[in-house]
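In this text the structure is predicted, and so the values were computed from the model without any measurement.
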Amino acid sequence: MKVGIYLIVLVLQMVTICHAQTITLNEFLNLIHKNHPLFAKEELSSKIEEKGRDSYLGSQDWRITSTPYYARQNPLPPVVFAPERVDQTSIGAVAERAFWKTGGRLSLSWSSVFTDQIGLEDIVIPNVITIPTGPPEFYQNNLYLTYSQPLLQNYKGELDRLGYETSQYSVDVAGVQALENKEEFLLTMGLQFLNWVLLSEQKTIATERLHLAERQLEQTQKKRAANLVDEVDVLRSEDAVRIAEQGVVLIDGLWKGNQAELAVLSRSEELYTLGPEFNLYDRRDRPTLDEATSRLRSQSRLLELLAIQQAQLERQQRGFEEMTKPQLYLNTQIALKSGDDKFGDAMGFDKRDMGVSLQFSYPLGNRSAITKVEQTAIQVRQIKLAEEEVALGLEGGLRNLLIQIEEIERVLSLNERQMETARLKTQEELKRYNRGRGDLTFVIQSQDNEERAKLTYAQNAATYHGLNLRLSALLDELLPSNAE
């Protein structure tokens, strides 16, 4: 008695342990999201586009240029009162920068020039006057501050920011597309997990069928020993056991193969010791068509992608429209300069120049910019039509899924009635056989029909949950919220 109680307790403990060694669908998807390289790869898409966007910021950096030079000039033919040769050496630098907020350009330049006039002589009128022609050596220093402000085209830096702002839309597109790719992969993994669940249920059903066949064989052998049935019934029972064993071995192989693939994809050695935990016969609340359509239009990433692309084109269109404007620049300049025949005295910057000018430019016809504007306007219209096309396709797919889910719910109800009928039929066939009024063949057939009804019910239930997974993916609700 004590041994029996001990065995019962041991069995219950084993059942508890086995039950604990399971993994749910959400746990598995989180594991995939954490470990599979696809997710890290998709994260890099946005970072790549961000780097491309940030490269445009370089146009706001200070740019420094320097052009030192040396020149020698030999007048040809020689000119009276002119030097025989002029050597000139110059060194300088220019720092300039663009300002995106105004569209203006600021530059600060400095130059230092040394001029050596060789063979330069004073103008001499004998016994009258000597006119000096200037120092043969002269040092000159210049400092210029220049600012150019556009008044029409590129006013407030509309064109300067165009590349950066349109690239930001590319960053947004990459981010949304990455989320879509992640969810598509999670859908694939979710469906494969459901297949693992189905195989688990099929293995349970096949094992039950094997146990039933073994009990039937045991009973038939006892009846044969009592000479109540023919030997052919024993052979039929043994054949039923062999067929059931084959089914269990086959399904077990498929189950282990599926488990191994999921373990590799999730990079989890622990998964080799786990089984799927999922209520295959549970039913989910189905959204109404209006509710699902509203969620689809507000959440769809495909529509969001097209909306971003439309905004990008509209920004490009504003840039091309800006190019159709004339170029009118207000240029201002302040200069400080000084010069002397001695280097030390040429650094005073005691002379000042200033100037203001307007620069106007406009290509007659301006066909290049106008054509770009018209082309972009056509592209905007095209993408609006694409949005309508995608929205119709998504809504059609949504209706399709909802109808399939509704119909398979009805099929599942029919399956339940079919299983009950098969179970009752098996009971009746078994009663007739035990009373000696029936044939064992009909009992085995009835038991096989009952098993097939259970398998069909399990397959339809897996299909039902697969459709619900596809519905979640279509509504962009499958990806865990923390992933976004």
Side-chain angles (χ1 to χ4, degrees), residues 14-33 35-36 184-214 240-284 404-405 408-409 411-416 418-419 422-423 447-473 478:
M14 291 298 295
V15 170
T16 303
I17 292 173
C18 292
H19 180 71
Q21 294 177 340
T22 58
I23 183 171
T24 65
L25 174 60
N26 287 335
E27 291 170 345
F28 172 72
L29 293 181
N30 286 330
L31 199 62
I32 286 288
H33 187 270
N35 295 335
H36 199 279
E184 284 294 323
F185 184 70
L186 284 179
L187 174 60
T188 301
M189 291 296 95
L191 292 174
Q192 194 157 345
F193 183 90
L194 281 180
N195 187 59
W196 192 26
V197 173
L198 175 60
L199 288 171
S200 297
E201 186 65 16
Q202 288 176 335
K203 186 164 67 169
T204 299
I205 295 170
T207 302
E208 290 176 354
R209 178 70 183 93
L210 174 59
H211 292 163
L212 185 62
E214 289 173 340
V241 170
R242 301 294 174 266
I243 293 173
E245 286 176 343
Q246 292 175 28
V248 170
V249 172
L250 177 62
I251 295 174
D252 189 59
L254 295 173
W255 188 93
K256 289 178 179 178
N258 200 316
Q259 179 195 48
E261 184 176 1
L262 296 181
V264 171
L265 292 172
S266 62
R267 288 181 170 178
S268 173
E269 291 294 327
E270 185 185 3
L271 203 66
Y272 285 106
T273 64
L274 303 178
E277 180 183 337
F278 191 89
N279 189 347
L280 192 61
Y281 305 111
D282 190 23
R283 305 290 175 85
R284 296 182 54 181
Q404 287 190 64
I405 291 172
I408 204 166
E409 285 177 350
V411 171
L412 289 173
S413 298
L414 294 173
N415 286 151
E416 291 168 355
Q418 180 186 12
M419 286 191 303
R423 185 184 64 82
Q447 291 170 343
D448 289 340
N449 288 339
E450 187 177 354
E451 180 192 18
R452 282 194 292 269
K454 291 179 180 180
L455 290 173
T456 301
Y457 184 48
Q459 290 169 351
N460 289 336
T463 301
Y464 167 78
H465 286 290
L467 291 172
N468 276 286
L469 269 182
R470 294 182 187 278
L471 178 63
S472 296
L478 182 60

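- At a threshold of 4.5 Å between non-hydrogen side-chain atoms, the residues Y464 and V411 do not count as touching.
- The line from CG of L25 to CG of L478 is 8.0 Å long, rounded to the nearest 0.5 Å.
- Every residue two or more places apart in sequence or in another chain was checked for a side-chain hydrogen bond (donor to acceptor under 3.5 Å, both in side chains) with E214, and none qualifies.
- Legend: residues meeting side chain to side chain contact (heavy atoms under 4.5 Å, CB included) with T24, ordered by chain and number and at least two apart, are N26, E27, E277.
- The side-chain hydrogen bond (donor to acceptor under 3.5 Å, both in side chains) search around R452 returns N449, not counting sequence neighbours.
- Using modelled atom types, no side-chain atom of H465 and backbone atom of R284 make a donor-acceptor pair closer than 3.5 Å.
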Atom pairs and distances, side-chain donor-acceptor, residues 240-254, under 3.5 Å, sequence neighbours left out:
{"residue": "D252", "atom": "OD1", "partner": "K203", "partner atom": "NZ", "Å": "3.3"}
{"residue": "D252", "atom": "OD2", "partner": "K256", "partner atom": "NZ", "Å": "3.3"}

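- At a threshold of 4.5 Å between non-hydrogen side-chain atoms, the residues R209 and K454 do not count as touching.
- Here N460 contributes atom CG and L455 contributes atom CG; the two are 11.0 Å apart, rounded to the nearest 0.5 Å.
- By the salt bridge (Lys or Arg N to Asp or Glu O under 4.0 Å) test, R283 is found to be paired with E416, residues two or more places apart in sequence or in another chain being considered.
- A462 pairs by the side chain to side chain contact (heavy atoms under 4.5 Å, CB included) definition with L198, L280, not counting sequence neighbours.
- Applying the side-chain hydrogen bond (donor to acceptor under 3.5 Å, both in side chains) criterion to Q202, with sequence neighbours excluded, gives no partner residue.
- Separation of atoms CG (N468) and CG (D282) is listed at 10.0 Å; rounding is to 0.5 Å.
- For the side chain to side chain contact (heavy atoms under 4.5 Å, CB included) test, residues two or more places apart in sequence or in another chain that qualify with Q418 are N415, A453.
- Remark: T204 OG1 to L199 CG distance equals 10.5 Å, nearest 0.5 Å.
- Scanning for salt bridge (Lys or Arg N to Asp or Glu O under 4.0 Å) contacts around R423 gives E420, with sequence neighbours left out.
- Between the side chain of N35 and the backbone N or O of S266 there is at least one donor-acceptor pair closer than 3.5 Å.
- Here Y272 pairs with nothing under the ring-ring contact (aromatic ring centres under 6.0 Å, His included) rule; sequence neighbours left out.
- One distance of note links CZ of F28 with CG of L271; it measures 6.5 Å at 0.5 Å rounding.
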Would you mind writing out the side-chain donor-acceptor pairs for residues 184-196 within the sub-3.5 Å range, not counting sequence neighbours?
{"residue": "T188", "atom": "OG1", "partner": "E184", "partner atom": "O", "Å": "3.2"}
{"residue": "Q192", "atom": "NE2", "partner": "E261", "partner atom": "OE1", "Å": "2.8"}
{"residue": "Q192", "atom": "NE2", "partner": "E261", "partner atom": "OE2", "Å": "3.2"}

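- In this structure T463 satisfies the side chain to side chain contact (heavy atoms under 4.5 Å, CB included) test together with I408, L467, sequence neighbours excluded.
- No donor-acceptor pair closer than 3.5 Å links the side chain of Q259 to the backbone N or O of G275.
- From E201, atom CD reaches atom OH of Y457 across 9.5 Å, with rounding to the nearest 0.5 Å.
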